[in-house]
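For reference, the structure discussed in these notes is given below.
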Amino acid sequence: MLKFLRDLTVVMTVLFATVSHARDTVEIVVAVPPGGIQDISVRQLQKSLVAADPDTNYIVTYKPGAGGAIAYNYGILSSNVNPNVTVISVGGLTEQLKTKDLAAIEKEVTLLGPVWSAPNVLAVSLKSGITSLDELIKRGTEGRLNCGASAASVKLGMDYFKQQTGMKNTEIVMFKGSSEVLPLMISGELDCWLETYPGLIENAHKAGQIKLIASSDMTPSVLFPNLPLMKTQVKDQSIHLFSWWMALGISNTSPPGFKEKMIPVLTKAIKTMEPAGSVQITTLDKADKGIFAQQNNSARKMTQVLAK
């Protein structure tokens, strides 16, 4: 009997210790499939979060599709079931802005960042013979031009640029990703391509397979300080033709105390993150949250102009 009681005491002690040290799980929701610069960046965040908060399990959950809407619906609108931090890209925010204004979005989610950003470049095929932005506009106006976009937010910017510069003989084609575009650029089937510099476009540029002629950024980037800005060719130069950044969102319907716990942990983790390639990391205390409003205004203005 005494042995039984001792054994029972040991079992109960182990069970109590296991329950007492049970680790919470937090998902990091990403709107893209595994692989690519977004996934690499998120994996760095996961690693930093584990170091900053070792008592919590941080797992990456992939919810690709619908321009980021699937990830947003899962992470932001269902977070009372799944406590998480959702990665929100410029394309994902633009997708939400099609049906909501920024005030409505901010009632659903607390936006943190942008954390990641990178240059946005307009590249041309070497076989196109185009060597400058002026030549590209002339070709799109007087000849024939085929351009590629690999995201809805990119195509919106390109469509607006086309309308503003009178490039009536330009076709802008949507692709699923950079891997579809690069072979067409190298072969000359596609004349131009607007894309974020990390990834395949960076590799192609360094290999001398394409030529960079302009940037859709609002200001010259540190990486390409002398690259002409596309915005100088449009009437409203406050428009974000295409900017690339990723922010973090915590749903305002998260379980009580979750947001208050996560923001300090994220703040600490981001300070220790290392950038991937040409991607720049901005800590939360230095992030310009005004870019969310600027993106909202740009997306709405471009959509209104194109609808006329």
Side-chain angles (χ1 to χ4, degrees), residues 27-42 60-79 82 84-109 111-118 120 147-162 171-181 193-201 216 239-251 279 291-307:
E27 293 179 283
I28 307 171
V29 182
V30 192
V32 297
I37 193 63
Q38 290 194 36
D39 187 33
I40 293 172
S41 299
V42 170
V60 177
T61 300
Y62 300 97
K63 295 292 179 181
I70 293 176
Y72 189 90
N73 290 340
Y74 175 87
I76 303 305
L77 302 183
S78 304
S79 65
N82 307 299
N84 70 84
V85 176
T86 300
V87 179
I88 298 176
S89 67
V90 57
L93 181 67
T94 302
E95 191 68 25
Q96 292 299 313
L97 291 170
K98 290 181 179 179
T99 56
K100 311 169 188 173
D101 59 23
L102 187 61
I105 293 172
E106 289 182 324
K107 288 180 180 178
E108 298 173 342
V109 57
L111 296 168
L112 306 171
V115 177
W116 299 270
S117 59
N120 311 290
C147 292
S150 54
S153 57
V154 185
K155 189 175 187 304
L156 176 62
M158 284 295 288
D159 284 337
Y160 182 78
F161 184 76
K162 168 186 171 180
E171 183 179 5
I172 302 168
V173 182
M174 262 299 272
F175 291 89
K176 291 181 180 179
S178 304
S179 59
E180 292 185 340
V181 181
W193 176 25
L194 181 61
E195 181 65 287
T196 308
Y197 189 67
L200 292 180
I201 197 168
S216 66
I239 292 288
H240 283 250
L241 287 171
F242 169 55
S243 59
W244 186 86
W245 48 259
M246 293 195 303
L248 299 171
I250 300 178
S251 174
V279 175
I291 197 169
F292 301 129
Q294 292 170 339
Q295 197 71 47
N296 171 46
N297 294 333
S298 293
R300 290 191 173 277
K301 285 181 180 178
M302 288 191 288
T303 302
Q304 289 168 359
V305 169
L306 292 172

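Using a 4.5 Å cut-off on side-chain heavy atoms (C-beta onward), Ile105 and Tyr72 make contact. Side-chain contact between Phe292 and Trp245 is present, with at least one heavy-atom pair separated by less than 4.5 Å. Looking at Met302 and Asp159, their side chains never come closer than 4.5 Å, going by heavy atoms from C-beta outward. The shortest distance between side-chain heavy atoms of Tyr197 and Ile201 falls below 4.5 Å. Residues Trp244 and Ile37 have side chains in contact (heavy-atom distance under 4.5 Å, counting atoms from C-beta outward). Contact of the Val109 side chain with the Thr86 side chain is not registered, since no non-hydrogen atoms from C-beta on lie closer than 4.5 Å. In this structure, Thr61 and Tyr74 have side chains that are in contact, with non-hydrogen atoms separated by less than 4.5 Å.
Checked against side chain to side chain donor-acceptor pair (under 3.5 Å), Ser179 has no partners two or more places apart in sequence or in another chain. Ala71 pairs by the side-chain contact (heavy atoms from CB on, under 4.5 Å) definition with Val29, Ala31, Lys63, not counting sequence neighbours. Ser89 meets the side-chain contact (heavy atoms from CB on, under 4.5 Å) test with Gln38, Met246; sequence neighbours excluded. By the ring pair (Phe, Tyr, Trp, His ring centres under 6.0 Å) test, Trp116 pairs with no residue at all, sequence neighbours left out. Remark: Lys301 pairs with Asp236, Ser238, Ile239 by the side-chain contact (heavy atoms from CB on, under 4.5 Å) rule, at least two apart or across chains. With sequence neighbours left out, Val115 forms a side-chain contact (heavy atoms from CB on, under 4.5 Å) with Leu248, Ile270, Ile281, Leu284.
Within the model, atoms CD of Gln294 and CG of Leu102 stand 11.0 Å from one another, a figure rounded to the nearest 0.5 Å.
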